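Since the structure comes first, as structure tokens, the remarks are kept for the end.
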Amino acid sequence: MAYIQFFDTTLRDGEQTPGVNFNQQEKIQIARQLETYGIDVIEAGFPIASDGDFHSVKEIASMIKTATVCGLARAVERDIDRAYEALSGAANAQVHVFLATSDVHMKHKLKMSRPEVLASIKHHVAHARKLFPIVQFSPEDATRTDPAFLVAAVQTAIDAGATVINIPDTVGFTNPTEFGALFRYLRENIPRFDEVIFSTHCHDDLGMSVANALAAIENGARRVEGTVNGIGERAGNTALEEVAVALHIRNDYYKTESGIILNQTKKTSDLISRLSGMPVPRNKAIIGGNAYAHESGIHQDGVLKEPTTYEIITPALVGVEKNALPLGKLSGRHAFVARMEELGYSMTDDERNDAFKRFKHLADVKKDVTEDDLHALILGQTSEKADDYELNHLQVQYVTGGIQGAIVRIHTEDGSVLEDAATGAGSIEAIYNTINRLMEQDIELTDYRIQAITAGHDAQAEVHVIVKDKKGATYHGIGIDNDVLTASAKSYLHASAKATEKKQTTSEEVPVK
Ligand code: KIV
Ligand code: ZN
């Protein structure tokens with residue numbers, strides 16, 4: 001059985017989704033969960049892109065022990081050197097160098113001839129190989145590249161020391177028949193095909209990225225790249241959870257194995273969905289809310305008689321299990337800690353004390369504290385702690401049909417206290433105007449979404465906002481609270497803090513594509 005390596009680029013290509021930007025603490029939380037999920041390689045970022053990216057890659061590299069941590073680099077020496085610097089503390093490191101090889105990219109974007117592109121691949125892959133034991137080379141836009149030139153580019157990279165060749169369908173153009181044939185063509189024309197790892201990286205513009213990735217695997221790819229929930233640039237990337245479960249359920253056909261811990265799927269998906277602010281559609285394969293719901297009477301009857309009549313995947317396989325009994329205000333510290341451990345959270349003493357305090361506060365206002373509430377509690381704890389700004393006080397004055405007012409107090413990381421007041425046509429507008437004044441931000445709210453975490457009138461509110469700065473960059477924020485106005489304020493402060501952080505850490509504008 002061939003072992004398929006899973007390469008996750010949620011923190012790099014996934015973060016190229018408009019409106020998605022994780023702060024450092026969120027990236028660390030995601031990387032930890034990806035490691036628990038059994039991902040082989042975590043693409044932690046693009047170190048040259050900004051100081052923020054550099055520090056996140058460095059921090060993740062120092063913390064991840066079993067997975068390989070990867071940094072992206074253009075075919076530019078200082079990109080590769082910066083990736084090396086960021087990854088120097090990693091237990092296992094690799095670099096991912098890319099250069100476009102399609103005529104359209106070479107002519108219009110790179111303004112380079114074919115011989116110049118081959119020379120650049122040779123030079124930069126060799127340079128990377130002096131620093132890293134594992135060097136992945138990607139001929140960007142491979143599926144629109146002249147196949148004979150693609151072979152020349154790949155051969156040049158292998159001769160220069162590349163150990164992994166990744167074939168990207170950068171614009172989501174190919175289909176499974178063509179992509180499978182491209183891998184066969186490479187296998188037939190690259191004499192050392194079996195000595196390096198061939199990898200697949202697909203985008204979902206035509207809705208075929210998972211099928212394309214599987215076609216590549218059928219034809220010799222031994223690494224699959226993608227993101228959790230398929231988030232990413234434009235229509236997104238290959239959804240890794242779909243590939244993992246397809247390979248497992250159809251093992252009779254694919255005959256492969258992987259290190260993915262399938263019962264971590266739901267938890268991983270929920271985390272990415274919350275932190276990215278991208279809800280999972282109910283009908284999404286594997287992890288959508290309806291994936292295990294049987295509506296028609298005939299189906300229900302069949303499933304009751306024998307689940308396999310209509311269920312090819314059991315919910316338990318991917319960690320969608322019935323909630324255990326909820327906790328409540330009479331639950332003690334012991335029960336709380338035991339449940340958090342069951343849910344897979346390992347906390348320091350300080351984190352546990354803080355989480356228990358938050359749990360007690362929640363249990364005072366909410367009768368049943370469910371597993372969903374507990375996941376949200378930890379997420380709220382992490383995102384609030386991660387920001388340099390913490391909402392300390394919110395006061396709203398509401399008048400029917402009048403002008404609304406808000407007073408907001410924020411505590412900052414350096415110990416200062418910021419307080420101000422403003423008005424607005426509605427309560428939320430008044431709160432957001434006040435936060436803009438306090439943060440001295442000129443940002444615009446472009447999206448606001450609110451959902452209840454559980455059923456019931458005492459449910460916690462989860463608010464997601466997207467804000468846009470003057471340069472057009474967008475930032476996502478999340479806020480969780482049992483009060484909707486507080487959740488709304490927290491989410492806006494979270495997004496606003498990200499906009500401030502980005503302004504302070506961006507060193508170089510690097511267009512990835
Ligand atoms: O889609 C793409 O081509 C990429 C490269 C950087 C591999 O993301
Ligand atoms: Zn991509």
Side-chain angles (χ1 to χ4, degrees), residues 5-18 20 41-50 53 57 68-76 79-80 82-83 94-106 108-110 117 120-121 124-125 128 132 134-145 149-150 153-154 157 162-174 179 182-183 186 196-210 212-213 216 221 223-240 243 276 510-513:
Q5 299 180 359
F6 275 70
F7 177 114
D8 180 278
T9 182
T10 304
L11 294 173
R12 199 276 298 168
D13 221 333
E15 217 203 10
Q16 287 174 217
T17 312
V20 173
V41 187
I42 298 171
E43 188 162 54
F46 191 6
I48 194 83
S50 69
D53 249 45
V57 175
T68 296
V69 182
C70 172
L72 183 69
R74 294 168 300 184
V76 172
D79 280 34
I80 298 165
R82 191 75 171 143
Q94 76 146 77
V95 69
H96 177 186
V97 180
F98 72 100
L99 186 63
T101 49
S102 64
D103 287 335
V104 61
H105 276 235
M106 288 189 293
H108 298 288
K109 186 181 79 171
L110 299 176
V117 164
S120 176
I121 295 172
H124 292 104
V125 169
F132 291 91
I134 307 174
V135 174
Q136 168 168 312
F137 174 71
S138 287
E140 191 192 1
D141 205 17
T143 52
R144 294 192 301 165
T145 296
F149 184 61
L150 183 63
V154 167
T163 56
V164 182
I165 298 292
N166 177 46
I167 304 297
D169 181 27
T170 304
V171 291
F173 178 73
T174 196
F179 204 46
L182 182 61
F183 271 79
L186 290 169
V196 295
I197 303 259
F198 270 77
S199 169
T200 161
H201 174 113
C202 297
H203 282 265
D204 207 33
D205 298 66
L206 295 175
M208 290 190 274
S209 69
V210 170
N212 288 337
R223 173 179 281 190
V224 57
E225 296 196 4
T227 59
V228 176
N229 299 342
I231 66 168
E233 185 92 32
R234 305 182 313 277
N237 289 59
T238 302
L240 286 183
V243 176
S276 65
V510 178
V512 184
K513 290 181 191 160

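Since this is a predicted model, take the numbers as computed values, not measurements. Numbering of ligands and ligand atoms starts at 1, following listing order.
Between Lys109 and Glu140 there is a salt bridge, since a side-chain N of the basic residue sits under 4.0 Å from a carboxylate O of the acidic one.
You'll find the side chain of Val95 reaches within 4.5 Å of the side chain of Val135, heavy atoms only. Considering only heavy atoms from C-beta on, Glu233 comes within 4.5 Å of Asp13 through its side chain.
Residue Glu140 approaches ligand 1 through these ligand atoms, each under 4.0 Å from one of its heavy atoms: 3 (O). The contact set between ligand 1 and His201, taken as ligand atoms under 4.0 Å from a residue heavy atom, comprises 1 (O), 2 (C), 4 (C), 8 (O). Heavy-atom contacts of Ser138 reach the following atoms of ligand 1: 7 (C) (cutoff under 4.0 Å). The distance from ligand 1 to the heavy atoms of His203 drops below 4.0 Å at these ligand atoms: 1 (O). Ligand-side atoms of ligand 1 in range of His96: 7 (C), range being under 4.0 angstrom from any heavy atom.
Only the side chain of Asp13 comes within 4.0 Å of ligand 1, judged by heavy-atom distances. Contact annotation: for Arg12 versus ligand 1, heavy atoms closer than 4.0 Å belong to the side chain alone.
Residue Pro139 comes nearest to Asn166 through the heavy atom pair CD-O, 3.0 Å, listed as atom of the first residue, atom of the second, then distance.
Taking the N/O/S atoms of Asp13 in turn, the shortest distance to the Zn ion (ligand 2) belongs to OD2.
A donor-acceptor pair under 3.5 Å is formed between the side chain of His203 and the backbone N or O of Gly236. The backbone N or O of Ile231 sits nowhere less than 3.5 Å from a side-chain atom of Asn229 that would complete a donor-acceptor pair.
Taking the six-membered ring where tryptophan is involved, the planes of Phe183 and Phe179 are perpendicular, since the angle between them exceeds 60° and thus also 30°.
Angle NE2 (His201) to the Zn ion (ligand 2) to NE2 (His203): 100°, rounded to 10°.
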